[in-house]
Each structure stands twice: as structure tokens, then as C-alpha cells.
Amino acid sequence: MTEQDHNANTIDNLAQDSLGTDEVSGDPAGSLEDLRRSLETKEAECRNAHDKYLRLAAEFDNFKRISQRDQRDQIKFGNEQLLKELLVVADNLDRAIKSAKDAATDANDHGGNNALVQGVELTLKQFLAVLTRFGVSPVESVGKPFDPATQQAVGQVESATVPENAVVEEFQKGYLLHDRILRAAMVSVSKGAPAAEA
């Protein structure tokens with residue numbers, strides 16, 4: 001190895017190499033402006049990403065709230081269709097009781113079918129108790145003001161005893177499931193007192 005090769009990395013040579021090959025080209029003020037613009041661009045991108053994240057987090061919270069509400073409603077009202085079908089059974093038991101009582105009254109029967117009627121009444125009472133445990137409750141209609149949210153008017157009649165727009169007669173009982181209408185009551189509504197004949 002020669003002396004010249006050995007001294008190739010002296011301080012003088014290093015200074016010349018660094019100035020000759022690694023010198024920054026252009027204006028330092030322009031480079032600073034480029035850096036500032038780049039920083040502003042990145043800050044804007046960061047703000048946009050943060051805003052997007054906040055919107056996404058809010059949407060997810062809304063989705064979670066809606067999903068939880070839907071799940072609660074599914075648990076609360078999931079058996080609605082089955083309960084609607086069972087109301088027909090309650091109606092038929094009630095009709096059987098009324099029919100048996102009417103037949104006993106017409107025939108002046110004071111005890112022949114009494115035990116059977118009492119058995120059907122107990123069955124209906126137990127059946128309605130089961131429905132109540134599942135959140136079903138009857139809508140009281142007769143004598144109350146007509147409410148189109150829970151009642152369906154099938155006719156209007158004149159009545160001297162029942163005030164106008166009040167329920168005179170109930171043809172089919174209405175029921176609520178918790179706070180939602182399960183089946184509207186079918187009723188007739190009073191038109192008020194009959195007009196006096198001239």
C-alpha cells in the first residue's frame with residue numbers, strides 16, 4: 001500500500017469530498033417553504049383522518065344503540081304472532097261461555113250445564129293469566145271515549161245513555177302487548193241521543 005493511498009482519508013480530503021459531492025443544491029429558503037407546505041399538507045390529512053375517525057366512531061355508536069334496541073324489541077315482542085293466534089282461542093272460550101249462559105237462560109236451566117260453564121270460565125281465566133304473564137293486557141273499551149289507536153269502529157248507533165263518540169258495545173276485545181297494540185278492539189260508537197221527532 002502506498003503512502004498516497006494510506007493518506008487518502010485525511011481531514012482535508014474529507015472536507016473537499018463533503019463540499020464537492022454532498023452540497024445542497026438550490027435555495028435554503030425554498031427548501032424551508034417546501035417543508036412548510038409538506039407539513040401543512042400532512043396536518044390537513046391528519047385533520048381529515050381524525051374527522052373521518054370521529055364520524056365513523058359516532059356511526060358505530062349509533063349502530064350499536066340501534067342494534068341493542070332491536071335486540072330488546074325482539075326479546076320483548078318476538079312472540080307477538082303466536083300471541084295473536086292465541087287470542088282467537090280466548091275469543092272462542094268467551095263465546096262458548098256466553099252461548100251456554102244464554103241457552104241456560106232461554107231454557108230456564110238453573111244447574112244442568114252450570115258445572116260445564118264454570119269449568120270453561122276457569123279455563124278462560126287461567127288462559128288469560130298466562131297471556132298476562134307474557135305482557136298481554138286487555139283494552140277496556142265500553143263506556144270509554146273512542147280511541148282510534150286501540151279501537152276499530154265498525155258502526156255508529158244512537159244512544160240516549162252513552163255520550164257522543166263513546167264506545168257503546170264491544171264486538172271483539174282488544175289487547176296490548178306491553179305498550180304496543182296487539183289487536184284493536186272492534187266496537188260500535190255512539191252518535192249521541194236520538195233526535196226528537198217533529
Side-chain angles (χ1 to χ4, degrees), residues 1-91 127-141 144-154 156 164-167 170 172-187 189:
M1 192 164 164
T2 64
E3 181 77 25
Q4 192 177 18
D5 292 338
H6 180 67
N7 291 331
N9 291 328
T10 61
I11 293 177
D12 293 335
N13 291 339
L14 286 176
Q16 286 175 357
D17 285 344
S18 67
L19 288 176
T21 57
D22 295 331
E23 185 176 358
V24 176
S25 63
D27 184 18
S31 174
L32 187 60
E33 277 304 312
D34 289 342
L35 287 174
R36 281 191 183 136
R37 277 195 297 273
S38 176
L39 178 63
E40 288 172 0
T41 303
K42 295 301 177 189
E43 284 177 346
E45 288 175 8
C46 183
R47 276 193 303 272
N48 288 339
H50 185 68
D51 290 345
K52 194 181 218 180
Y53 161 75
L54 290 177
R55 282 193 301 275
L56 188 62
E59 286 177 13
F60 180 71
D61 284 344
N62 288 339
F63 171 76
K64 190 166 65 171
R65 212 173 309 117
I66 289 169
S67 295
Q68 288 171 348
R69 186 194 65 210
D70 288 348
Q71 186 178 15
R72 281 191 308 270
D73 285 351
Q74 181 64 30
I75 291 167
K76 195 173 183 181
F77 300 109
N79 55 1
E80 181 175 5
Q81 193 60 38
L82 172 66
L83 293 171
K84 274 185 184 178
E85 296 295 325
L86 290 176
L87 291 179
V88 176
V89 177
D91 292 341
F127 187 72
L128 292 176
V130 169
L131 291 177
T132 302
R133 280 200 303 268
F134 284 93
V136 177
S137 59
V139 175
E140 296 300 324
S141 297
K144 308 274 182 175
F146 176 70
D147 178 14
T150 60
Q151 298 161 351
Q152 179 181 357
V154 294
Q156 279 191 317
E164 188 176 356
N165 289 329
V167 175
E170 183 178 61
Q172 185 180 49
K173 191 170 258 320
Y175 291 92
L176 292 171
L177 176 59
H178 301 292
D179 54 350
R180 184 187 292 180
I181 189 74
L182 184 61
R183 183 178 76 184
M186 293 177 67
V187 298
V189 181

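Positions are given from 1, in the same order as the sequence printed here.
- Here the side chains of E80 and R180 are in contact, with some heavy-atom distance below 4.5 Å.
- Heavy-atom contacts from other residues, nucleotides or ligands closer than 6.0 Å to NZ of K173 number more than 12.
- In this structure, E85 and Q81 have side chains that are in contact, with non-hydrogen atoms separated by less than 4.5 Å.
- F134 is linked by a ring pair (Phe, Tyr, Trp, His ring centres under 6.0 Å) to nothing, counting only residues two or more places apart in sequence or in another chain.
- Atom CG of residue L56 and atom CG of residue D51 lie 12.5 Å apart, to the nearest 0.5 angstrom.
- Closest approach of V154 to M186, counting heavy atoms only: CG1-CE, 3.6 Å.
- Here the NZ-CG distance, from K84 to N79, works out to 12.0 Å after rounding to the nearest 0.5 Å.
- For N62, the side chain to side chain donor-acceptor pair (under 3.5 Å) criterion is met by R65, not counting sequence neighbours.
- If you take CD1 on I181 and CZ on R183, they are separated by 9.5 Å, rounding to the nearest 0.5 Å.
- Nearest heavy atoms, Q151 versus S141: NE2-OG, 3.3 Å.
- Within 6.0 Å of the CD atom in E45, the count of heavy atoms belonging to other residues, nucleotides or ligands exceeds 12.
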message = Would L39 and E43 count as a side-chain contact (heavy atoms from CB on, under 4.5 Å) here? Give the steps.
response = CA-CA 6 Å; L39 178 63; E43 284 177 346; 4.0 Å; yes

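- Contact of the D73 side chain with the Q68 side chain is not registered, since no non-hydrogen atoms from C-beta on lie closer than 4.5 Å.
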task = Would you check, one step at a time, whether the test side-chain contact (heavy atoms from CB on, under 4.5 Å) holds for Y175 with T150?
result = CA-CA 8 Å; Y175 291 92; T150 60; over 6 Å; no

inquiry  = V139 vs L176, test: side-chain contact (heavy atoms from CB on, under 4.5 Å). Steps then yes/no.
reply    = CA-CA 7 Å; V139 175; L176 292 171; 3.8 Å; yes

message = Between R133 and L128, is the side-chain contact (heavy atoms from CB on, under 4.5 Å) condition met? List the steps.
response = CA-CA 9 Å; R133 280 200 303 268; L128 292 176; over 6 Å; no

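- Taking NE2 of H50 as the reference point, atom CZ of R55 lies at 11.0 Å (rounded to 0.5 Å).
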request  = Please test S67 against D70 for side-chain hydrogen bond (donor to acceptor under 3.5 Å, both in side chains), starting from the C-alpha separation and ending with a verdict.
outcome  = CA-CA 5 Å; S67 295; D70 288 348; 5.8 Å; no

key: Candidate pair R37 and E40, rule salt bridge (charged side-chain N to carboxylate O under 4.0 Å, His left out), full reasoning   = CA-CA 5 Å; R37 277 195 297 273; E40 288 172 0; over 6 Å; no

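- Here L177 contributes atom CG and L131 contributes atom CG; the two are 10.0 Å apart, rounded to the nearest 0.5 Å.
- For the side chain to side chain donor-acceptor pair (under 3.5 Å) test, no residue two or more places apart in sequence or in another chain qualifies with E164.
- Inspection of the S31 and D34 side chains reveals no N or O donor paired with an N or O acceptor under 3.5 Å.
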